[in-house]
Novice: 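Below are the C-alpha cells for one structure; questions will follow.
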Amino acid sequence: MRTYNYKNYTHTQYLVIDIERRRNRENDWDNCSIAVCALDKKQDLIYPATEYPLINALDCESFLNESIGSDNSPYSSLQSFRMAVYSEEEFVEKLFYSLNFYRQNNTQLIAFNLEHDENILKTMFHSSGYPFYYDDEIRNISGLKGPFQHDGHDLMQIGIQYKANKLTKNISMRARLLETAKALDIPVIETLHHSAQYDCWLAMMIFKKNQENLMKIFHEYAA
C-alpha cells in the first residue's frame, strides 16, 4: 500500500530530482517515475531518495520489464506495481503541499541535466493547475505560491569541469552521471543506473561531495 507523509519534506531547501522516461506503445515518450530527495539549508538529509512510479508507466512495456520481478525491485507482480502508481496530478498535489508545509524559503532544484528534468516537472505542475516558481502568475485554489526558485543546481556542470580537468592529463571522460560520481570517488553500482531512486541518490551524493570539496578549498584560502 502507498503511504505519503507531508511532513517528510518540511523545511526543504534543496530538492534533488530524477525523472525516468520511456517510450509508450505509440512510441511517444512518457514520464514513468520520479524520485525526490530532500536536504535542508545546511545540506543535511531530511528525507532519502524515494521513487514514485507514475501511472503512465503502465503503458511503457520496457519500463515494466525493468521494474517488475527483478532482484532490486520492490514489485513482484504487475498487480503490486499498479497499487503503487500515482497519477501525475496526484504526485504534484502532494509535492506542492509538502514543500509549502512550514515553508521558510523557496526550494532549489538539483538534478543532473537540470533543464531537462526541471522542464518536465514544471509542465507537470502547470498542467495540473499548480504554480511552479515562486513568482508564477498561475495560482491554484489554495492561493499558495509555487515552491521553487529559478536558480537550481545542474550537476552536469560538475561533470564538465572534471572532464576538462582530465583532458589536461590526456584522460578521456564523458560528462555523465556515473562518470561524474566516479571522478568524485563515489562508488557506483552500474546495474542500478536509470533507476530513478538510485540516480536521485547518486545525484545527491555528487552534490554533497562537491560541496565538501568546495568547503575544503575555501578553508585552505582562508587559512
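Keep in mind that this is a model prediction, so the values were computed, not measured.
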Novice: Among residues at least two apart in sequence or on other chains, which ones pass side chain to side chain contact (heavy atoms under 4.5 Å, CB included) with Ser73?
Specialist: Ser70, Tyr75
Novice: Not counting sequence neighbours, list each pair that qualifies as a side chain to side chain donor-acceptor pair (under 3.5 Å) and has a residue in residues 191-205.
Specialist: His193-Asp199
Novice: Do you know the tightest heavy-atom contact between Asp117 and Ile19?
Specialist: OD2-N, 3.3 Å
Novice: Roughly how far, to the nearest 0.5 Å, is the CZ atom of Arg82 from the CD1 atom of Ile68?
Specialist: 9.0 Å
Novice: Among pairs that include at least one residue of residues 120-136, which meet salt bridge (charged side-chain N to carboxylate O under 4.0 Å, His left out), considering only residues two or more places apart or in two chains?
Specialist: none
Novice: Please, which pairs that meet salt bridge (charged side-chain N to carboxylate O under 4.0 Å, His left out) have at least one residue in residues 181-198, sequence neighbours excluded?
Specialist: Lys182-Glu190
Novice: With a cut-off of 3.5 Å and sequence neighbours excluded, list every side-chain donor-acceptor pair involving residues 35-43.
Specialist:
residue: Asp40; atom: OD1; partner: Lys42; partner atom: N; Å: 2.9
residue: Asp40; atom: OD1; partner: Gln43; partner atom: N; Å: 3.1
residue: Asp40; atom: OD1; partner: Asp44; partner atom: N; Å: 2.9
residue: Gln43; atom: NE2; partner: Gln211; partner atom: OE1; Å: 3.3

Novice: State which residues pass side chain to side chain contact (heavy atoms under 4.5 Å, CB included) with His11; sequence neighbours excluded, sorted by chain then number.
Specialist: Tyr102, Gln104
Novice: Which one of Phe132, Tyr14, Tyr133, Tyr130 satisfies the ring pair (Phe, Tyr, Trp, His ring centres under 6.0 Å) criterion with Phe148?
Specialist: Phe132
Novice: How would you list, by chain and number, every residue that makes a salt bridge (Lys or Arg N to Asp or Glu O under 4.0 Å) with Glu137, sequence neighbours excluded?
Specialist: none
Novice: For the CD1 atom of Ile110 and the CD1 atom of Ile206, what is their distance to the nearest 0.5 Å?
Specialist: 11.0 Å
Novice: Applying side chain to side chain contact (heavy atoms under 4.5 Å, CB included), run through Cys200 and Val16 and close with a yes or a no.
Specialist: CA-CA 6 Å; Cys200 182; Val16 188; 4.0 Å; yes
Novice: Output every pair passing salt bridge (charged side-chain N to carboxylate O under 4.0 Å, His left out) with a member in residues 101-116, not counting sequence neighbours, ordered by first then second residue.
Specialist: none
Novice: Hey, could you give me each pair passing ring pair (Phe, Tyr, Trp, His ring centres under 6.0 Å) that has a residue in residues 163-185? Not counting sequence neighbours.
Specialist: none
Novice: Under the salt bridge (Lys or Arg N to Asp or Glu O under 4.0 Å) rule, collect the residues that match up with Glu88, sequence neighbours excluded.
Specialist: none
Novice: Listing request: all salt bridge (charged side-chain N to carboxylate O under 4.0 Å, His left out) pairs with a residue in residues 200-211, at least two apart in sequence or in separate chains.
Specialist: none
Novice: Quick one: salt bridge (Lys or Arg N to Asp or Glu O under 4.0 Å) partners of Arg174, sequence neighbours excluded?
Specialist: none
